[in-house]
Amino acid sequence: MMMESRTREIKDSPGMWERIKKNSLVQGWLVLLLALFFGSALASVQLSLGPKIEMNKLNETLSKVPELVLGASRAHEMEAKNQELGIEPMTIEVNKNNKRVLYNVYKTTYNGEINGWVAKTSGQGYAGSIELLLGLDPGMELITGLFILDQKETPGLGNKIVTEQWRKQFINKPTKNRLIVVKDGADAVNEIDAITGATISSKSVSNIMNTAISDLKGQLISGQSSNR
Amino acid sequence: MADQPTATERFIQGVLPENPVYRQLLGLCPVLAVSNNMKAAVTMAASVTFVLLCANVVTSLIRNLLKPHLRIVVFTLTIATFVTIADRILAAYLYQMSKTLGPYIPLIIVNCIIICRCEVCASKQSVFTAASDAIGQSLGFALALSSIAAIREILGTGMFFELRVLPAAWPDWVIMALPPGAFLTFGVMLAAINWISSNK
Amino acid sequence: MSYLTDIFLIALGAALINNFVLYYFVGICPFVGVSRRVEMAFGMGCAVTFVITIAAFLCWVITTFILMPGAPLSKWVAGFFVSADVAAGIDLTILSYIVYIFAISSSVQFVEMYVRKFFPVLYSSFGVFLPLITTNCAILFACLTIMSNIVGVDNPADAWDLGRSLTLAIFGGVGFTIAIVIMAGIREDLELCDIPKPFQGVAITLIVGGILAMAFMGFTGVDSGLRNAMIPM
């Protein structure tokens with residue numbers, strides 16, 4: 001009897017409690033609680049893994065630098081002897097036809113002397129863009145190495161640009177003349193063999209390198225002293 | 001709840017009779033996109049397993065508190081959180097692989113398998129059943145994904161897990177490693193499975 | 001490179017060369033499920049294009065002003081609580097996936113309400129597809145691509161602006177529409193064919209999709225050729 005009258009009372013007068021219960025924020029308490037819980041979980045993931053991910057991003061390029069300047073065998077030799085190359089990252093701004101182009105360049109030093117340069121550059125390939133690292137000697141006279149960081153070329157044809165076998169023909173090419181890709185066996189100093197069935201990919205790589213070299217050559221040599 | 005399948009039934013159903021890919025045709029996007037080599041396929045399957053297991057367990061734990069109209073919001077929030085965690089773990093410990101998989105890891109959020117399992121099983125049954133359902137379904141997904149990846153990698157490059165299995169004279173069927181190969185392989189596999197199950 | 005050339009190449013790439021469905025495999029579910037009739041396929045394509053544009057706009061705004069490292073709005077808000085140089089380093093990219101998926105689902109809700117109220121004719125033609133779109137990978141994929149072109153670039157000057165982002169989204173949607181309408185046209189004719197039993201349904205759709213993908217592969221390299229023609233190296 002009492003129960004019944006009470007329920008009727010609540011039904012008749014929708015009091016404060018009822019109104020609070022109908023409020024959408026209260027209805028969503030589970031979502032809010034979960035959001036808080038997941039938010040703290042994500043924060044802890046970010047705090048514990050964030051630095052490691054940043055390191056991975058940096059190491060991806062930095063770990064390749066010694067090999068590109070010194071060549072694979074000497075780089076391993078130095079690593080075995082625990083000698084370390086000084087690597088100083090810098091950003092070079094090039095003005096080209098009234099447009100600013102930015103290059104990420106790594107200056108490598110050993111015992112205080114400049115050992116060589118590594119430049120990160122990218123450009124259009126056959127399918128999508130190609131991102132590569134280019135190693136140059138201190139006077140920017142010779143190419144000392146090439147490494148492809150990212151590419152989307154055709155598997156089995158164009159993506160052979162990542163193979164060492166193809167990349168190694170760039171080593172010790174002079175930068176005085178533009179690199180030219182040929183299909184029938186390279187014999188001149190500035191000629192590069194094209195990959196069979198992937199002439200455009202091969203040409204793209206050498207064009208990206210040509211552009212970077214001609215952009216950077218004057219800048220780095222003249223700007224050596226002014227760059228901190 | 002008598003008519004709900006038990007944990008063991010859920011597990012067995014997920015692997016073959018109700019295989020998420022071949023039978024329910026769910027989650028086709030990763031099956032086609034990351035099946036051109038085994039390593040990527042295995043990483044993808046592991047990430048899906050992690051997300052599905054966590055999402056199913058969390059959903060099952062809070063199943064009595066769920067309001068009908070906020071159900072989907074809760075599912076989405078849970079799935080998106082675990083996908084973010086999986087993505088960060090991959091970026092920290094398998095950096096190259098996470099670069100290769102690129103956007104397909106975050107795309108697990110909109111993978112229908114996970115939201116479907118949360119809805120069908122985890123929001124109705126106990127934690128243990130939900131977990132075994134998640135493992136069964138992920139195993140089914142992994143089987144389907146790796147069956148296609150194995151065919152595509154072997155025919156496309158002559159290699160399996162980057163080890164050569166076909167003689168060097170094999171003319172690599174480059175088309176198998178390219179997008180059309182994914183459609184063709186999956187179409188033929190699906191037809192083969194239809195044929196086998198109709199002959200039973 | 002001139003801005004228009006860049007826009008043109010992004011549009012061409014999204015619509016044909018790297019088609020969302022036939023190259024990236026996103027939006028496969030509607031491609032297989034809603035491609036039985038040409039009118040339905042076209043309706044679906046329009047709905048996706050519509051939503052993808054709105055989602056891309058939201059995504060660009062949110063990423064540029066709130067999520068990316070050193071974004072102005074979060075820097076300003078955080079400036080009230082912590083010192084200025086801590087606030088400048090705030091990086092909310094870890095929240096991006098959660099924020100995008102909620103931006104997409106809420107924009108789908110709003111679009112549905114708005115279209116039903118003000119454009120009943122339009123609603124009757126593609127309204128039924130709108131709820132399905134929330135779980136369409138193509139939308140989230142466009143958002144992720146835009147994000148990687150804002151957050152993932154080496155030099156801040158290369159980050160995509162709103163124009164590039166919207167171009168990618170609109171032409172991604174157009175590419176999706178092209179693919180699904182061609183597919184529906186083929187499937188209408190397939191119904192008259194004598195297909196072996198195991199292949200009927202999804203299997204033959206996928207194989208036709210494979211042949212379509214082969215045809216679209218013919219576009220590969222068009223953009224690099226055009227780029228070289230337009231910008232002398």
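Heavy-atom basis, side chains included; hydrogens, waters and symmetry copies ignored. Letters go in sequence order (proteins before strands), and every chain restarts at 1.
Using cut-offs of 30° and 60° on the angle between ring planes, the pair B:Tyr22 and B:Phe186 is tilted. Taking the six-membered ring for Trp and thresholds of 30 and 60 degrees, C:Phe25 and B:Phe183 have ring planes inclined between 30 and 60 degrees apart.
Contact of C:Leu206 with chain B is made through backbone and side chain together, with heavy-atom distances under 4.5 Å. When heavy atoms are compared at a cutoff of 4.5 Å, C:Tyr24 approaches chain B by way of both its backbone and its side chain. With a threshold of 4.5 angstrom between heavy atoms, B:Leu178 approaches chain C through side-chain atoms but not through N, CA, C or O. Proximity to chain B is limited to the side chain of C:Leu144, based on heavy atoms less than 4.5 angstrom apart. For C:Cys137, the parts sitting under 4.5 Å from any heavy atom of chain B are the backbone and the side chain alike. The contact between B:Thr84 and chain C is made by backbone and side chain atoms together, counting heavy-atom distances below 4.5 Å. For B:Cys29, the parts lying near chain C are the backbone and the side chain together; criterion is any non-hydrogen pair under 4.5 Å. The part of B:Ile109 that comes within reach of chain C is its side chain, from C-beta onward, which places non-hydrogen atoms under 4.5 angstrom from that chain. Within the 4.5 angstrom heavy-atom criterion, only side-chain atoms of C:Met217, from C-beta onward, approach chain B. Residue contact with chain C, scored on non-hydrogen atoms closer than 4.5 Å, is absent for B:Ala192. Residue B:Thr81 touches chain C through both its backbone and its side chain, counting heavy-atom pairs closer than 4.5 Å.
Of the residues considered (C:Ile94, C:Val32, C:Leu212, C:Ile211), C:Ile94 shows the highest number of contacts with chain B, using heavy-atom pairs under 4.5 Å. The candidate with the highest count of non-hydrogen atom pairs below 4.5 Å against chain B, out of C:Val202, C:Ile98, C:Leu22, C:Val26, is C:Ile98. Interface summary for chain C: among B:Asp87, B:Ile175, B:Asn111, the most heavy-atom pairs under 4.5 angstrom belong to B:Asp87. Ranked by heavy-atom pairs under 4.5 Å with chain C, the first of B:Val31, B:Ile115, B:Thr185, B:Leu107 is B:Leu107. In terms of heavy-atom pairs under 4.5 Å with chain C, the best-connected choice from B:Ile72, B:Leu77, B:Ile196, B:Ile193 is B:Leu77.
When side chains are defined from C-beta on, C:Leu92 counts as touching C:Ser74, because their heavy atoms get closer than 4.5 Å. B:Pro30 is not listed as a side-chain neighbour of B:Val48, based on a closest heavy-atom distance of 4.5 Å or more. Counting heavy atoms from C-beta outward, B:Ile135 and B:Thr49 have side chains that stay 4.5 Å or more apart. With a 4.5 Å cut-off on side-chain heavy atoms, C:Ser148 and B:Pro103 do not count as touching.
Atom CH2 of C:Trp160 sits about 12.5 Å away from atom OG1 of C:Thr64, to the nearest 0.5 Å.
Donor-acceptor pairing under 3.5 Å is lacking for the side chains of C:Ser96 and C:Thr93. A donor and an acceptor atom, one from each side chain of C:Tyr100 and C:Thr63, are located under 3.5 Å apart.
Salt bridge annotation for C:Arg37-C:Glu191: present, with a cationic side-chain nitrogen under 4.0 angstrom from a carboxylate oxygen.
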